[in-house]
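Written out below as structure tokens is the structure these notes cover.
Order of the sequence lines fixes the chain letters, A, B, ..., with proteins taken first and strands second; residue numbering starts at 1 for each chain.
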Protein chains: 2
Amino acid sequence: MENNLAHAECPAIATIALLGGRWKVIILHVLSKNARRFGEINVRVPSISRKVLTEQLRELEADGLISRKQFGEFPLRVEYALTKYGESLCPLLAYIAAWKKENA
Amino acid sequence: MENNLAHAECPAIATIALLGGRWKVIILHVLSKNARRFGEINVRVPSISRKVLTEQLRELEADGLISRKQFGEFPLRVEYALTKYGESLCPLLAYIAAWKKENA
DNA sequence: CGGGATCCGGTAAGATACTG
DNA sequence: CAGTATCTTACCGGATCCCG
């Protein structure tokens, strides 16, 4: 992640790093259909702990791929959604999935 | 990696896992131009230790993405090259790199 | 409900020295 | 040259408890 030379001559790696967290692709996939609340995401990705889910969401937010909207209600309500940037990733993921099928 | 439900509904993640090792994309990128010897790869990816490089190469080989050819010479000579399967990954990497440029 | 704080164990990664 | 062995460190992910 700190090898700038390699980054320069191989831009793909930065993108892979963006998706590097083992759960991020799944999370993005879940959000690609609808904006979701924390608990909804957690239900759809059962084997992830809340802590890790929180961390991954924060990183995705920091990378500008998702947005976080908190409502001042009670019970608390937080909704996550793809940003434009995050949406632009969807065809890429579809492309990747297609490659997988062709080369299964 | 053990969430089969998620895998089933999101095939892309398996591919990402294939490239998951932080160095694999770089290594594949290096090999995409030419078959390379161990030392040559090491020179082109300086910040990786020999140990980790070895591990990553073994995993890439186990996944069928690269081939390893050992010559019985001295000094020892080992050459790594992309397999057909590995080559099929190149357009995908190019696509990823292109996405990166468009969304920089 | 949606997290944050903390501790803890496993594994990945780095450094170094050695080998066929 | 192309690794292997060993040790140490860094980080990731899980469990639990706590907070607003």
For dC1(D), does OP1 or OP2 lie under 4.0 Å from any side-chain N or O of Tyr80(B)?
no
Distance in angstrom units between Arg58(A) CZ and dG2(C) P, rounded
13 Å
Rounded off to whole Å, could you give me the CZ-to-C1' distance for the Phe38(A) and dG4(C) pair?
11 Å
note: Leu57(A), atom CG; dG3(C), atom C1'; distance rounded to Å ~ 10 Å
Sorted by position of nearest nucleotide on DNA chain D, 5' first, the leading residue of Ser49(A) and Pro75(B) is Pro75(B)
How close or far is atom C1' of dA2(D) from atom NZ of Lys69(B), stated in whole angstroms?
17 Å
Quick one: does Gln56(A)'s side chain have a donor or acceptor within less than 3.5 Å of a partner on Leu53(A)'s backbone?
no
Can you tell which of dG14(D), dG3(D), dA13(C) lies closest to the side chain of Val52(B)?
dA13(C)
Any ion pair linking Lys100(A) and Glu102(A) (charged N to carboxylate O, less than 4.0 Å)?
no
Could you give the CG-to-C1' distance, from Leu53(B) to dA12(C), as a whole number of Å?
15 Å
Arg36(B) CZ to dC1(D) P: how many Å, rounded?
15 Å
Among residues at least two apart in sequence or on other chains, which ones pass salt bridge (Lys or Arg N to Asp or Glu O under 4.0 Å) with Glu87(B)?
none
Whole-Å distance separating the CD atom of Glu59(B) from the P atom of dT11(C)
14 Å
Phosphate contact (dG2(C) OP1 or OP2) by Arg77(A) side-chain N/O below 4.0 Å:
no
Ignoring backbone atoms, test whether Arg37(B) places a side-chain nitrogen or oxygen under 4.0 Å from the OP1 or OP2 oxygen of dC1(D).
no
Is there a donor-acceptor pair closer than 3.5 Å between any side-chain N or O of Trp99(A) and the backbone N or O of Ala12(B)?
no
Glu59(A) bridged to Lys24(A) by N-O distance under 4.0 Å
yes
Tyr85(A) and Ile96(B): same hydrophobic cluster, using ILVMFWY side-chain contacts below 4.5 Å?
yes
Please walk me through it: do Arg68(A) and Tyr80(A) pass side chain to side chain donor-acceptor pair (under 3.5 Å)?
CA-CA 5 Å; Arg68(A) 178 182 188 276; Tyr80(A) 295 91; 3.3 Å; yes
Under 3.5 Å, which protein N or O atoms sit close to an N or O of nucleotides 17-20 of chain C? Give each pair with its distance.
| from | atom 1 | to | atom 2 | distance (Å) |
| --- | --- | --- | --- | --- |
| dA17(C) | N6 | Arg50(B) | NH2 | 3.0 |

Rounded to whole angstrom units, what separation is found between the CD atom of Gln56(A) and the P atom of dC11(D)?
16 Å
Could you go through nucleotides 6-8 of chain D and list every protein N or O atom that sits under 3.5 Å from one of its N or O atoms, giving the distance for each pair?
none

Shortest non-hydrogen contact between Ile48(A) and Asn42(A), atoms and distance
O-ND2, 3.5 Å
For Phe71(B), report the nucleic acid contact type (base, sugar-phosphate, nothing); a contact means any heavy atom under 4.0 Å.
nothing
If I take atom OG1 from residue Thr15(A) and atom CG from residue Leu19(A), how far apart are they, to the nearest 0.5 angstrom?
7.0 Å
